[in-house]
Amino acid sequence: MYTSGCWFNQRMEKISGGSPPPRPPPSVPANVNPELVEVLRHPERSAIPKYSMTSRRGVGTSGRHISLLTNHYKVSVNVPDAVFYQYNVSITSEDNRAVESKGIGRKLIDRLYQTYSSEFAGKRFAYDGEKSLYTVGPLPQNKSEFTVVLEESFAKHESGSPGGGESPSAAVKRSKRSYRSKTFKVEISYAAKIPLKSIALALKGIEIDNSTQDALRVLDIVLRQQAANRQSFFHDDSRNFNDVGGGVTGVKGFYSSFRTTQGGLSLNMDVSTTMILTPGPVIDFLVVNQNVREPRYVDWVKAKRMLKNLRVKTKHNNMEFKIIGLSEKPCNQQYFPMKLKNRDGANVEAQIVEVTVYEYFTKHCGIQLGYSAYLPCLDVGKPKRPNYLPLELCSLISLQRYKKALSSMQRASLVEKSRQKPQERIKTVTEAVRSYCYDEDPVLSSCGISIEKQMTQVDGRILETPKLKVGNSEDCIPRNGRWNFNNKLLNCAMQTLLNPTSISKWAIVNFSARCDISHISRELINCGRRKGINIERPHTLIEEDQQSRRGSPLARVERMFELIREKLPGPPEFILCVLAERKNSDIYGPWKKISLSDFGIVTQCISPTKINDQYLTNVLLKINSKLGGINSLLAIEHSHIPLIMDTPTMILGMDVSHGSPGRADMPSVAAVVGSRCWPLISRYRASVRTQSPKVEMIDALYKPLANGYDDGIIRELLVDFFQTSKGHKPKQIIVFRDGVSESQFNQVLNIELEQIIKFQDYQFLLLQAYQHLGEVDIPKFTVIVAQKNHHTKLFQAGGGTENVPPGTVVDTKIVHPRNYDFYMCAHAGMIGTSRPAHYHVLLDEIGFSPDDLLNLVHSLSYVYQRSTTATSIVAPICYAHLAAAQMGQFMKFEDFSETSSGQRSMTSVGSTPVPELPRLHENVEGSMFFC
């Protein structure tokens with residue numbers, strides 16, 4: 001049944017052995033043009049034409065008409081010739097140090113205007129909180145300098161507790177001094193003019209440099225200033241607070257921004273939620289944040305990282321401080337030098353004594369301390385001048401942003417508590433537009449700006465639902481963006497998968513003590529039989545022993561593979577892995593790395609809470625895809641896809657996953673998936689690389705090495721396309737890119753697309769040098785950016801209570817005046833209000849008609865093999881996101897000083913080394929392992 005021999009040891013020898021010799025650089029025939037030789041040896045120097053954004057070629061007409069509302073509010077500009085004047089702002093304190101705090105900056109500019117308003121000729125300011133200030137028309141002087149005084153309520157106390165080497169009386173005096181007025185110098189100097197008429201030109205499709213974006217940015221600064229004047233965009237009102245657990249609270253507020261559209265200038269207004277730390281006693285926050293029962297169980301290493309740079313208020317003197325760290329010892333053991341003065345206050349022969357923080361507060365300040373005596377203190381001083389406060393005297397102040405990633409439980413709680421049905425959202429947003437009175441702002445009114453108080457009406461279309469092929473090539477027509485294999489839909493009665501695989505060599509491993517894997521095995525086999533998947537009984541069921549559970553995640557996984565080796569005579573084709581936690585399991589990263597990279601075994605991780613047919617069917621969809629089966633196909637893949645069926649076409653999905661907020665050292669992970677087996681558009685292979693932290697542009701698409709070999713992503717995917725598409729090379733490439741903002745569109749075209757073309761150009765030159773084939777065409781490209789992080793919502797007009805139907809598309813009125821973009825809601829919104837995907841067509845050399853492109857994008861939302869629902873964004877992007885996230889887990893447990901093959905795994909980007917990901921084993925590199 002299994003191949004004999006110790007497969008595990010053979011594989012381990014391969015892992016620990018030396019790396020294969022590098023591929024030699026290609027030699028060049030002697031009769032080749034010297035210029036061609038130079039480009040072959042240095043392909044990175046080849047000249048690539050620069051691209052510009054494509055313009056709209058028209059609008060679609062297919063589909064059924066639907067009347068919609070959108071959260072855009074029409075804006076009229078009655079003084080179109082108004083000009084914004086930009087001024088640089090420099091703020092320095094009494095000791096000539098630059099002041100860069102947004103909070104104090106706004107207060108200073110407000111006080112500046114109150115004090116010197118007569119010197120500004122009635123001009124009102126729009127201030128960005130940092131270094132720029134804007135007025136409508138010029139100020140009397142191009143450069144002015146002012147002295148501004150902030151009273152005691154603004155000047156926050158920054159130090160003055162144990163650790164500074166002072167007596168209690170000195171600390172008290174210094175606290176009093178901190179309440180005195182502070183003087184600042186504010187310098188305002190002319191920088192630039194920004195004409196408002198650039199917006200009017202943009203509405204006509206004429207954009208000059210960046211002046212339109214500059215003008216819109218000024219208008220948005222006015223909105224943010226209004227929000228700041230209301231204390232916060234996210235109001236400090238307990239009615240808007242939603243506790244999501246872990247000491248984190250979601251605060252409801254509003255997003256607003258001006259946008260240029262086909263229908264004119266509009267105000268985009270939407271409900272928004274920001275995450276803050278739950279205000280209150282610091283120790284209460286730490287207990288909840290770490291999910292421990294009592295303060296004595298707090299992990300203080302984690303607490304130190306969490307608390308750094310947060311602000312607290314003390315209850316004994318009602319003052320604010322910023323936390324820089326924790327004391328090394330508990331409050332009752334942390335000593336500091338304190339000066340003792342004579343009772344008459346004379347500073348003669350002042351005695352310095354060592355006292356504990358606990359003794360200082362209890363004996364010298366008369367403050368009784370309880371539990372915090374045995375806990376570390378907060379350090380609110382400076383690096384070389386500590387300033388300690390007992391924990392129980394400190395509370396987190398309100399409205400401090402929480403910038404770390406939410407856990408799965410927190411995300412679920414946030415969705416549950418912040419979701420709104422469409423009609424409720426319409427009411428909330430429209431009431432906000434009316435109550436905020438934006439057009440009464442003095443800066444906006446100087447421009448003659450007025451804002452309508454009703455949502456914009458827009459015409460949409462509902463595209464025809466793509467037909468699917470399932471088992472026995474039966475047709476399946478999804479209903480409301482959904483279908484299933486459970487015989488519950490009359491129009492999709494077949495239960496079997498289109499191309500089910502069979503599983504004969506497999507095992508189940510269990511890292512969860514609560515699961516009965518024998519029961520899971522039986523139910524999975526039975527469910528698989530109903531779906532057409534023939535699953536033999538597993539060769540073995542392996543339970544993790546109690547002793548192994550006490551080891552590290554990596555040690556537990558390695559021990560499990562040792563047990564697999566002992567119980568199986570050869571490598572299994574599949575392993576079902578049962579984990580104790582559904583999300584964020586420490587086992588997941590090492591398990592996936594070792595199984596996919598070291599041994600090349602397909603695995604499926606589960607953490608079931610309820611075993612039923614629907615759950616098992618979803619698991620089998622993933623397993624079948626990973627093992628090479630096909631769950632369903634678009635019916636048009638068997639017949640005709642416009643512009644794709646007759647011309648070899650490759651579809652790419654690209655995404656970059658960044659480390660969690662606060663982890664600036666974690667490399668970003670870039671993933672690209674490429675279609676295979678043309679003319680199918682449902683099968684994909686992934687290629688994944690690391691790159692510098694927080695870098696969005698993918699830099700490894702084309703990656704020439706010193707030996708002349710290209711180790712880039714595109715080469716890997718193109719070779720796979722060629723091998724799986726009967727020797728065809730793609731003549732057309734459609735790129736779907738996720739995760740980039742409008743300001744990065746040109747970088748997508750002139751950095752990422754340039755790398756792809758460089759590889760193609762290099763291959764073309766090689767063909768010339770070796771085969772003398774003459775002219776070889778570089779593929780035509782269509783580049784589309786997909787955005788989900790935007791604030792445009794679509795609603796059914798006429799009071800419809802449900803979300804817009806799946807397949808709803810809008811390509812008029814609220815789209816860009818010149819560029820080619822559209823909104824599509826391909827999925828069925830079951831919870832809250834649907835968010836459509838916003839697609840931007842940056843380049844279209846292929847030449848799709850609007851209807852053909854819209855239908856292709858819509859169809860690609862129905863090829864996601866992991867589920868039986870239409871996705872909100874095209875499947876290639878979903879796959880790229882999954883591949884980046886899964887392989888990014890590899891970095892969470894291992895030091896990548898070396899790869900599994902013994903090679904160095906650091907690559908330099910600039911001067912910064914970036915750890916490389918281990919490559920996938922050849923057995924799984926072409927699989928849909930990410931499903």
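Along the sequence shown, the residues carry numbers beginning at 1.
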| message | Quick check: closest heavy atoms across Met824 and Tyr839, and the distance to 0.1 Å? | response | CB-CE1, 4.1 Å

| query | Taking atom types as modelled, is there a side-chain donor on Thr617 or Asn484 under 3.5 Å from an acceptor on the other? | reply | no

| task | Specify the closest pair of heavy atoms between Gly246 and Gln410, including all atoms of both residues, with the distance to one decimal. | result | CA-NE2, 3.8 Å

| request: Report yes or no: do Ser257 and Asp220 form a side-chain donor-acceptor pair below 3.5 Å? | output: yes

| query | Would you call Glu637 and Arg683 a salt bridge, using N to O less than 4.0 angstrom? | reply | no

Contacts under 3.5 angstrom, residues 855-863 side chains, donor-acceptor by atom type, not counting sequence neighbours:
unit_1	atom_1	unit_2	atom_2	d
Asn855	ND2	Asp851	O	2.9
Ser859	OG	Asn855	O	2.8
Ser861	OG	Val857	O	3.4

| said: Any donor-acceptor pair under 3.5 Å linking the side-chain atoms of Ser256 with those of Tyr436? | reply: no

| task | May I ask you to decide whether Lys417 forms a salt bridge with Asp243, counting only side-chain N to carboxylate O separations under 4.0 Å? | result | no

| request: Go through the side-chain N and O atoms of His72 and Thr261 and say whether any donor and acceptor fall under 3.5 Å apart. | output: no

| Shortest non-hydrogen contact between Asn631 and Ser625, atoms and distance | ND2-OG, 3.1 Å

| query | Between the side chains of Ser607 and Arg514, does any donor sit under 3.5 Å from an acceptor? | reply | yes

| Does one side chain, of His791 or Asn71, offer a donor that lies under 3.5 Å from an acceptor on the other? | no

| message | If we count only N and O atoms by modelled type, under 3.5 Å, do the side chains of Gln865 and Ser682 hold a donor and an acceptor together? | response | no

| request: Can you spot which of Tyr879, Phe930, Trp483 makes a ring pair (Phe, Tyr, Trp, His ring centres under 6.0 Å) with Tyr864? | output: Tyr879

| Name of the residue among Lys252, Arg259, Lys793 meeting salt bridge (charged side-chain N to carboxylate O under 4.0 Å, His left out) with Asp270 | Lys793

| Neighbour count above 12 (heavy atom, 6.0 Å) for His840 NE2 | yes

| Under the criterion side chain to side chain contact (heavy atoms under 4.5 Å, CB included), which of Thr833, Asn803, Val810 is the partner of Leu794? | Val810

| request: Mind running ring pair (Phe, Tyr, Trp, His ring centres under 6.0 Å) on His838 and Phe822 for me, showing each step along the way? | output: CA-CA 6 Å; His838 191 186; Phe822 57 89; 8.3 Å; no

| request: Answer with yes or no whether the side chains of Gln290 and Lys302 bring together a donor and an acceptor at under 3.5 Å. | output: no

